[in-house]
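Read the structure below first, then the notes.
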Number of protein chains: 2
Amino acid sequence: MAEDRRRTAQQERVKQSLDEADGFVSAGDLHRRIFAKGESIGLATVYRHLNAMADREEIDVIAVDNERLFRACAPEDHHHHLVCERCGKAVDLPPPEEAWFADVAGRHGFTLTRHVLEIFGVCAECAAASR
Amino acid sequence: MAEDRRRTAQQERVKQSLDEADGFVSAGDLHRRIFAKGESIGLATVYRHLNAMADREEIDVIAVDNERLFRACAPEDHHHHLVCERCGKAVDLPPPEEAWFADVAGRHGFTLTRHVLEIFGVCAECAAASR
DNA sequence: ATGCGTGCAAACGATTTGCAGAGAA
DNA sequence: TTCTCTGCAAATCGTTTGCACGCAT
């Protein structure tokens with residue numbers, strides 16, 4: 001069954017780092033973050049755990065440009081982010097428009113299953129630093 | 001400027017084949033379709049035109065898994081789609097909320113660079129077929 | 001001891017780029 | 001002629017996989 005999985009340090013590192021990262025991160029990002037914490041892991045292993053968790057639907061995945069971004073899935077506090085492309089800082093966004101999605105979907109005869117919204121930009125500090 | 005572009009047969013082939021393809025197609029698909037019509041073109045050239053048109057926002061691009069899909073699209077009905085998870089059918093979404101992104105970003109001191117919005121669901125037909 | 005999990009490097013598929021030659025202006 | 005566009009092949013990039021070894025069970 002699905003329960004013959006082993007509990008390992010790497011498993012934990014990937015999951016924890018993904019939790020710490022607020023918002024979407026790429027596999028490479030995550031790998032870098034883990035090393036930044038002084039811990040070690042192979043890039044391939046990061047991918048393997050990321051894919052495994054995605055298969056089990058424990059995390060969210062979106063495809064952007066030529067890479068995939070992963071995010072710890074927290075169904076309850078489902079909200080969106082405004083992410084700084086320079087420093088990675090993320091700001092939570094209020095979900096007032098949440099209903100709009102279901103509305104639009106329904107208007108086109110669709111049954112809504114999931115949606116993803118991420119906004120990227122450059123925060124005031126980074127903008128000031130680069131000039 | 002933008003007007004020192006030359007008009008070539010390849011340019012036309014890419015654009016026309018994209019028009020003929022109903023829905024989203026990958027660069028490789030398009031390349032194959034062009035050959036299927038007895039015409040010829042280099043794969044790199046297909047990519048170059050696809051990217052050029054995408055930059056000019058003459059076509060739509062969505063990232064799925066590890067590849068990008070392109071589709072002919074009128075400049076007015078800008079971005080964002082409602083995608084059926086079963087059959088892949090994509091419906092355009094009106095952009096009335098477009099301004100909301102820049103607004104929210106600005107309110108947090110961010111300079112907007114790009115945003116990702118994906119809405120997935122099951123279309124009426126697929127919903128009916130699966131029951 | 002048994003076999004899943006890991007690291008490394010090679011393999012891969014999609015996309016990009018360098019460069020010399022072809023063709024539009 | 002001039003200078004952009006094209007084709008081909010090599011180069012990148014993100015991701016996956018083969019294989020031998022280590023470690024959890």
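First the proteins, then the strands, lettered A, B, ... as listed; each starts at 1. Note that these values count all heavy atoms, side chains included, but never hydrogens, waters or copies made by symmetry.
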*Does A:R7 CZ have over 12 foreign heavy atoms under 6.0 Å away?*
no
*Rounded off to whole Å, could you give me the CG-to-C1' distance for the A:D65 and D:dT12 pair?*
14 Å
_Residues A:E39, A:Q16; criterion side chain to side chain contact (heavy atoms under 4.5 Å, CB included); working and verdict_ = CA-CA 12 Å; A:E39 303 179 329; A:Q16 188 176 317; 5.9 Å; no
*asked:* At less than 4.0 Å, is any side-chain N or O atom of A:N51 found next to OP1 or OP2 of D:dT16? Yes or no.
replied: yes
*Reading nucleotides 7-12 of chain C from the 5' end, what letters show protein touch, with B for base, S for backbone sugar-phosphate only, - for no heavy atom under 4.0 Å?*
BB----
*Taking the side chain as every heavy atom from C-beta outward, state whether B:F70 and B:L30 have any atom pair closer than 4.5 Å.*
no
*May I have the distance from B:F35 (atom CZ) to D:dT6 (atom C1'), rounded to whole angstrom?*
12 Å
*Does A:H49 put a side-chain nitrogen or oxygen below 4.0 Å from OP1 or OP2 of C:dT6?*
yes
*Consider only side-chain N and O atoms of B:R68 and B:N51, and report whether a donor and an acceptor are under 3.5 Å apart.*
yes
*Would you mind classifying the nucleic acid contact of B:H31 as base, sugar-phosphate or nothing, using non-hydrogen atoms under 4.0 angstrom?*
nothing
_Shortest non-hydrogen contact between A:A72 and A:D19, atoms and distance_ = CB-OD1, 3.2 Å
*asked:* For B:R7 and B:L69, find the nucleotide of DNA chain C closest to each by heavy atoms; which residue's nucleotide sits nearer the 5' end?
replied: B:L69
*asked:* Just the rounded figure in Å: distance from P of C:dT15 to CG of B:L50.
replied: 9 Å
*Closer than 4.0 Å, any side-chain N/O of B:R68 to the OP1 or OP2 of C:dG13?*
no
*Measure from CD on B:E12 to P on D:dC5 and round the result to the nearest Å.*
14 Å
*Taking B:H49 for the side chain and B:Q10 for the main chain, is one N or O donor matched with an acceptor at less than 3.5 Å?*
no
*Do you know the tightest heavy-atom contact between A:I41 and A:F35?*
O-CE1, 3.2 Å
_Verdict with supporting geometry, B:V61 and B:L69, side chain to side chain contact (heavy atoms under 4.5 Å, CB included)_ = CA-CA 6 Å; B:V61 192; B:L69 301 182; over 6 Å; no
*Answer yes when B:K15 and B:E58 have at least one side-chain N-carboxylate O distance shorter than 4.0 Å, and no when they do not.*
yes
_Inter-end axis angle, the helix from C:dA1-D:dT25 to C:dA25-D:dT1, with every axis fitted to five base pairs (rounded, 10 degrees)_ = 30°
*Using the closest heavy atom to pick a nucleotide of DNA chain C for each, name whichever of B:T8 or B:Y47 lands nearer the 5' end.*
B:Y47
*B:R6 side chain, from C-beta outward: closest of D:dC3, D:dT15, C:dT6*: D:dC3
*Expressed in angstrom and rounded to an integer, what is the separation of A:E39 atom CD from C:dT6 atom C1'?*
15 Å
*Rounding to a whole Å, what distance do you find between B:E67:CD and D:dG14:C1'?*
14 Å
